[in-house]
Amino acid sequence: MSISIYDKPRSYDVFSSSDISHWERLWIKDTTGFKLMQQAGLMLSETILDIMYAKGLYQANILVCCGMGNNGGDGYLVADHLAEQGHTVTVFAPDTPKTADSQAARELSYVLIVDSMPDDEFDVYIDALFGNGLNKDLPPLYQNIIHALNAKRGLKLAIDVPSGLHPDKGKPLPCAFHADFTLSVMGLRLGFFMGQGRNYTGQVVYLPLIPIDHHFAALDTRPPRFKRSDIYAHKGTHGHALIIGGHQQMGGAVIMAGETAIYSGAGKVTVMCHKSHHQAILARCPAVMVRDIDDLTDFDELLGSVDSVAFGMGLGRDDWARGRFDKIWQGLAGFTGFTVLDADALYFIAEYQVELSDNQLGTPHIGEAVRLLGEQTDGLFDVQDDNRISMICDLRFQYGGNWLLKGANSLVFDRDTVSIKGVEICAFGNASMATAGMGDVLSGVIAGLKARFGSEVSIMDCVSLHALAGDKLGKQGSGRIVASDMPRAVLEMLEELTI
């Protein structure tokens, strides 16, 4: 059975490359590596045939590229199975096998094997050059092969991991095979969700060759579930979220955050911002209450009536913003509800190097995280060269509190619900969400859900709801999502995930 991990929300375990290898070694104690390879070859072949036939390729000319290790052994077996089904198959193997199992697979193979890249064009290209263990730059020979394969126009499939892609970091080393489909045997790799991983994997198909050993799982990508309201619930039992920000010249951020907090289930939402935005907020979402951020005389009293706070969206960084930050931060020191710290609040936190409490969440994107950690860059921070897991752990170590590192496949360090390896990953979301205001919407989601559910929902639950709402819109649109459309999608997805 094969499963596309992007078809629908479901739970998946994600593994590091070392854990996949360890798990495989333990499993073959009761069998042999070659028997496991034969199982993989058959499952891979059946899946490849399904993909080919779905594309109308019933009599295909296929090139299988086999490397020196066990990934190449899988390729030899796949080539034989595809040839048995009547397809024309050529194996390109630039080197001889280096493992006993891959040698056995080649010795059994009866298809044409060549040691130089054919000049012919093929309907299908199957990458079985490098698999799970690659952790250094490819030799020049293989870089040239991958560049040549990427220039071809046929259907492209990778076995386990696209060759050249770091299986844990999602980083090309320095180039990687661009697959239309990646057939991931045994378990999903961290690199599918990190760095540039999804630029190279295409559609990931998970092939559960043996029963999952959850002990080795590095991360668990689990869709959230939310509790349905009690029949006697009212706005007072669904919590009160406070959204703070909104410089005179930047009102959109708090408008979107406040509206999303309502759609996320908060019973009451107050937006505290510059008074010039109050009319626009009420016109957009009349259910939201408004307060003047320049009048903080009863701020402590207001905090006593709310359950969550989202602070920083559109606050600004000038002297006026600094003055507002100083007073509000002082008030938040005694607040026991959940606090989301975003955007310009993070700017001042980085400047002051203040410590976060256990009920506070920092939500930087990569650029903001670089500033928080005091790292020097030339202004063009290379996300792919960074270990994002190390970065979020460094944020926790330096500042305390909880952290959300936003971006493609956001990471969460939640002190209450962290996985055995310390960090959680969001497996949902899409590139169409890379638009202005998306982070402000996410702050509203977190504030709204935390106001309503408190500790019953995790930070990752909130992040996943936001990402799944983006996936819902992504399937409906033309490849670009406007953040102001997100609140309604959040409401619809919340209903789908409520049990």
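All figures in this text were calculated on a predicted structure; none of them were measured in a lab.
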Given L63, L155, V64, I62, the one that forms side chain to side chain contact (heavy atoms under 4.5 Å, CB included) with F122: L63

What's the shortest heavy-atom distance between [X] and [Y], and which atoms?
| X | Y | answer |
| --- | --- | --- |
| A483 | G437 | CB-C, 3.6 Å |
| L341 | L346 | O-CD2, 3.5 Å |
| A434 | R480 | O-NH1, 3.4 Å |
| V124 | I126 | CG1-CG1, 4.0 Å |
| T182 | Y200 | OG1-O, 4.4 Å |
| L165 | A176 | N-CB, 3.7 Å |

Going by atom types only, do [X] and [Y] share a side-chain donor-acceptor pair under 3.5 Å?
| X | Y | answer |
| --- | --- | --- |
| S163 | D127 | yes |
| D342 | T363 | yes |
| Q398 | E355 | no |
| D80 | S109 | yes |
| D471 | N430 | yes |
| R452 | S264 | no |
| Y142 | D95 | yes |
| S357 | N359 | yes |
| D50 | T47 | no |

Relative to the ring of Y399, is the ring of W403 parallel (under 30°), tilted (30 to 60°) or perpendicular (over 60°)?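 Tilted, since the angle between the ring planes falls between 30° and 60°.
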
Could you check whether the rings of Y58 and Y53 sit parallel, tilted or perpendicular, using 30° and 60° as the cut-offs? parallel

Treating [X] as the side-chain partner and [Y] as the backbone partner, does any N or O pair qualify as donor plus acceptor under 3.5 Å?
| X | Y | answer |
| --- | --- | --- |
| R388 | I366 | no |
| S464 | D461 | no |
| Q353 | A350 | yes |
| D160 | V185 | yes |
| K475 | G470 | no |
| N402 | G362 | no |
| T201 | V204 | no |
| H87 | A60 | yes |
| R396 | G401 | yes |
| D180 | G202 | no |

Drop me the distance from [X]'s [atom1] to [Y]'s [atom2], to the nearest 0.5 angstrom.
| X | Y | atom1 | atom2 | result |
| --- | --- | --- | --- | --- |
| S184 | L207 | OG | CG | 7.5 Å |
| Q85 | M52 | CD | CE | 9.5 Å |
| F177 | L129 | CZ | CG | 8.5 Å |
| D137 | H166 | CG | NE2 | 10.0 Å |
| H466 | M486 | NE2 | CE | 4.0 Å |
| N61 | D120 | CG | CG | 7.0 Å |

Contact check, side chains of [X] and [Y], non-hydrogen atoms, under 4.5 Å:
| X | Y | value |
| --- | --- | --- |
| Y206 | L183 | no |
| M117 | I145 | yes |
| C462 | I459 | no |
| L77 | Q38 | yes |
| C393 | F413 | yes |
| P174 | Q143 | yes |
| I48 | V78 | yes |
| E495 | F226 | no |

Between Y347 and R371, is there a cation-pi geometry (under 6.0 Å to ring centre, at most 45° from the normal)? yes

Might you work through the side-chain contact (heavy atoms from CB on, under 4.5 Å) test for E46 and L42, ending with a clear yes or no? CA-CA 6 Å; E46 292 298 320; L42 180 59; 4.3 Å; yes

Chi angles and distances behind the side-chain contact (heavy atoms from CB on, under 4.5 Å) call for L473, D485: CA-CA 8 Å; L473 285 178; D485 291 337; 4.1 Å; yes

For D394 and M391: C-alpha separation, side-chain torsions, deciding distance, then whether side-chain contact (heavy atoms from CB on, under 4.5 Å) applies. CA-CA 5 Å; D394 288 345; M391 175 173 277; 5.5 Å; no

With the threshold set at 4.0 Å, does a side-chain nitrogen-carboxylate oxygen contact exist between R225 and E496? no

Take L373 and L395, measure what side-chain contact (heavy atoms from CB on, under 4.5 Å) needs, and give me the verdict at the end. CA-CA 7 Å; L373 293 172; L395 288 167; 3.7 Å; yes

Would you indicate whether K152, at its atom NZ, is surrounded by more than 12 heavy atoms from other residues, nucleotides or ligands within a distance under 6.0 Å? yes

